[in-house]
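Along the sequence shown, the residues carry numbers beginning at 1.
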Amino acid sequence: MWLDSQKLCHEALARSQPQLDVEYREIPGYGHLDTFFGRAAALDVYGHILDFVGRRR
């Protein structure tokens, strides 16, 4: 329904709160909650999340 909503939210957040450490990554074939519950999310997505968190330690 809102194809670019996540990207637009990221851009608005980064612009309005520049002190926050936010990152946008698009993974083809994944929707909003698919990133956590998708069939292959553990293989396709979790590594990106762990990398992001790991860079902030």
Side-chain angles (χ1 to χ4, degrees):
M1 182 172 174
W2 303 98
L3 297 178
D4 293 332
S5 64
Q6 296 301 313
K7 186 175 183 181
L8 292 172
C9 285
H10 169 265
E11 290 170 356
L13 180 63
R15 190 172 42 253
S16 67
Q17 301 292 321
Q19 76 279 8
L20 295 179
D21 188 7
V22 296
E23 184 176 305
Y24 175 81
R25 183 173 306 259
E26 191 169 318
I27 300 172
Y30 281 81
H32 179 68
L33 289 178
D34 293 339
T35 56
F36 298 104
F37 303 118
R39 179 169 289 177
L43 299 173
D44 298 335
V45 180
Y46 291 6
H48 296 290
I49 296 170
L50 292 172
D51 288 344
F52 177 84
V53 173
R55 290 192 309 268
R56 275 110 189 120
R57 287 186 165 199

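- The closest donor-acceptor contact from the side chain of Arg56 to the backbone of Phe52 lies under 3.5 Å.
- Through direct or indirect side-chain contacts shorter than 4.5 Å among Ile, Leu, Val, Met, Phe, Trp and Tyr, Leu43 is connected to no other residue.
- Scanning for side-chain hydrogen bond (donor to acceptor under 3.5 Å, both in side chains) contacts around Arg55 gives Glu23, with sequence neighbours left out.
- Qualifying side-chain hydrogen bond (donor to acceptor under 3.5 Å, both in side chains) partners for Asp44, counting only residues two or more places apart in sequence or in other chains: Tyr30.
- In plain terms, the two heavy atoms of Thr35 and Val45 that are nearest each other are O-CG1, 3.4 Å.
- Listed by chain and residue number, Tyr24 satisfy the ring pair (Phe, Tyr, Trp, His ring centres under 6.0 Å) test with His10 (two or more places apart in sequence, or in another chain).
- Considering only residues two or more places apart in sequence or on other chains, Arg39 meets the side-chain hydrogen bond (donor to acceptor under 3.5 Å, both in side chains) condition with none of them.
- Within the hydrophobic cluster formed by Ile, Leu, Val, Met, Phe, Trp and Tyr side chains joined at under 4.5 Å, directly or through other members, Leu20 is accompanied by Leu13, Val22.
- Clustering ILVMFWY residues whenever any of their side-chain heavy atoms sit less than 4.5 angstrom apart, transitively, puts Tyr46 in the very cluster that holds Leu33.
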